[in-house]
Amino acid sequence: MERVVQCLAAKASLTGKRILVTAGPTREYIDQLRFISNPSSGKMGYALAQEAQKRGAEVTLISGPTNLSPPNGVHFIGVDTAQTMYKAAAKYFKANDALIMTAAVADYTSAKQIKGKLKKGPQELSLSLVPTTDILTQVSRNKGNKLLIGFAAEVEQLLDNAKQKLKRKNLDLIIANDVSQPGVGFEVDTNAITIIDKAGQIEEYPLMSKQRAAQIILDKIAYIWEQKNAG
Ligand code: CTP
């Protein structure tokens with residue numbers, strides 16, 4: 001297995017490509033006022049959407065609730081729950097050449113949808129959770145010639161866990177992040193990415209802005225398309 005540490009400087013064009021990006025957290029409602037979520041800021045996904053648009057791609061961004069403004073020139077679809085994100089991703093996947101899943105999708109949602117407001121009482125309260133749909137796994141069933149790119153946020157065994165996800169979800173690339181490292185993770189402007197491809201090649205990059213990380217990821221995607229065309 002090859003392991004490369006490198007910093008690409010290229011800025012490949014994505015003209016003519018249609019790219020679907022998901023970003024941000026999802027909200028899984030307990031009642032009409034409370035939800036389970038995570039602190040995903042959406043910054044990595046928005047940076048990818050903006051950079052892909054600047055390079056000539058037609059970009060659709062499906063986003064959970066964030067504080068960011070949709071990038072100019074990007075088709076924006078706002079969602080909240082994992083289910084609404086799944087519905088939108090499945091719908092738009094058909095018309096796109098690649099799906100980049102940066103969204104921090106909740107793995108579980110409340111088994112019961114409580115109408116109105118859950119009232120407090122003195123007794124212990126248990127919440128029953130059921131798994132959400134795994135969006136990447138589902139859409140990969142209609143993958144065809146499209147590229148599927150996932151992210152793996154890990155706190156241990158970064159490479160092993162990411163490689164397993166790449167295989168399990170039938171991905172072309174997975175971007176692994178060790179979110180236990182300073183400057184990496186949900187709310188920061190920087191990221192340290194490790195890109196793993198289907199052939200098992202691993203590219204490790206130092207800490208950099210999410211904007212720069214987006215450029216490197218898109219260069220890699222453009223390179224895969226180039227190789228496919230050449231072959
Ligand atoms: N993902 C998805 N649908 C879900 C959950 C995650 O498509 N319901 C995607 C994420 O957007 C990401 C990739 O799957 O691109 C990996 O997500 P991650 O949370 O790291 O992995 P999980 O499969 O949820 O496994 P675990 O939480 O056990 O690490």
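Atoms within a ligand are numbered from 1 in the order they appear, just like the ligands themselves. Computed over heavy atoms, backbone and side chain alike; hydrogens, waters and symmetry mates excluded.
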_Greater than 12 external heavy atoms within 6.0 Å of Lys87's NZ_ =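 It does not: Lys87 NZ has 12 such atoms or fewer within range.
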Between [X] and [Y], what is the shortest heavy-atom contact and its length?
X: Arg55; Y: Asp219; result: NH1-OD1, 2.7 Å
X: Ala104; Y: Asn38; result: O-ND2, 3.0 Å
X: Val188; Y: Lys43; result: O-CD, 3.6 Å
X: Leu166; Y: Asp197; result: CD2-O, 3.6 Å

*asked:* Just to be sure I read this right, does ligand 1 sit under 4.0 Å from the backbone of Thr132, its side chain, both, or neither, counting only heavy atoms?
replied: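 It is the side chain that gets close, since no backbone atom is under 4.0 Å.
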*Could you see which bit of Met85 sits under 4.0 Å from ligand 1, with heavy atoms only: side chain, backbone, both or neither?*
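Neither part.
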For [X], the ligand 1 atoms whose distance to one of its heavy atoms is below 4.0 Å:
X: Ala103; value: 10 (C), 11 (O)
X: Ala153; value: 20 (O)
X: Arg168; value: 23 (O)
X: Thr133; value: 3 (N), 4 (C), 8 (N)
X: Gly150; value: 15 (O)

*For atom 1 (N) of ligand 1, which protein heavy atom lies nearest, and how many Å away is it?*
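Ranking protein heavy atoms by distance from atom 1 (N) of ligand 1, first comes Lys169 NZ, 3.8 Å.
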_For atom 13 (C) of ligand 1, closest protein heavy-atom neighbour_ =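 Nearest neighbour among protein heavy atoms for atom 13 (C) of ligand 1, to 0.1 Å: Phe151 O, 3.1 Å.
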*About how many Å separate CD of Gln113 and CD of Glu28, when rounded to the nearest 0.5 Å?*
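The CD atom of Gln113 is 8.5 Å from CD of Glu28, to the nearest 0.5 Å.
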Taking N or O atoms only and a 3.5 Å limit, does [X] qualify as a polar contact for ligand 1?
X: Leu136; result: yes
X: Lys165; result: yes
X: Ala152; result: no
X: Asp107; result: yes
X: Val105; result: no

Looking at ligand 1, does [X] have a heavy atom less than 4.0 Å from it?
X: Thr22; result: no
X: Gln138; result: no
X: Ala82; result: no

*In terms of side-chain geometry, is the basic nitrogen of Glu154 or Lys165 positioned less than 4.0 Å from the acidic oxygen of its partner?*
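Salt bridge flag = yes for Lys165 with Glu154.
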*Give a yes or no on whether a salt bridge exists between Asp172 and Lys143, defined as a side-chain N under 4.0 angstrom from a carboxylate O.*
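Judged by the 4.0 Å cut-off on N to carboxylate O distance, Asp172 and Lys143 do form a salt bridge.
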*Would you indicate which of Val139, Leu99, Ile135 comes nearest to atom 3 (N) of ligand 1 when only heavy atoms are counted?*
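Looking at heavy atoms only, Ile135 sits closest to atom 3 (N) of ligand 1.
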Distance-only donor-acceptor hits, side chain of residues 61-73, under 3.5 Å, sequence neighbours excluded:
{"residue": "Ser63", "atom": "OG", "partner": "Tyr46", "partner atom": "OH", "Å": "2.9"}
{"residue": "Thr66", "atom": "OG1", "partner": "Tyr46", "partner atom": "OH", "Å": "3.3"}
{"residue": "Thr66", "atom": "OG1", "partner": "Leu68", "partner atom": "N", "Å": "3.1"}

_Is_contact(atom 19 (O) of ligand 1), protein non-hydrogen, under 4.0 Å_ =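 For atom 19 (O) of ligand 1 the answer is no, since every protein heavy atom stays at 4.0 Å or beyond.
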_Test item: protein heavy atom less than 4.0 Å from atom 25 (O) of ligand 1_ =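 Neighbour list for atom 25 (O) of ligand 1 includes protein heavy atoms (cut-off 4.0 Å).
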*Mind checking whether Leu127 and Ile36 have side chains closer than 4.5 Å, heavy atoms only?*
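They are in side-chain contact.
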_With side-chain contact (heavy atoms from CB on, under 4.5 Å) as the test, pick out the partner of Val184 among Ile193, Asn177, Thr190._
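So the option named by the test is Asn177.
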*Qualifying residue for side-chain contact (heavy atoms from CB on, under 4.5 Å) with Val105, from Thr22, Thr26, Thr133*: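 Result: among Thr22, Thr26, Thr133, Thr26 is the only option passing the side-chain contact (heavy atoms from CB on, under 4.5 Å) with Val105.
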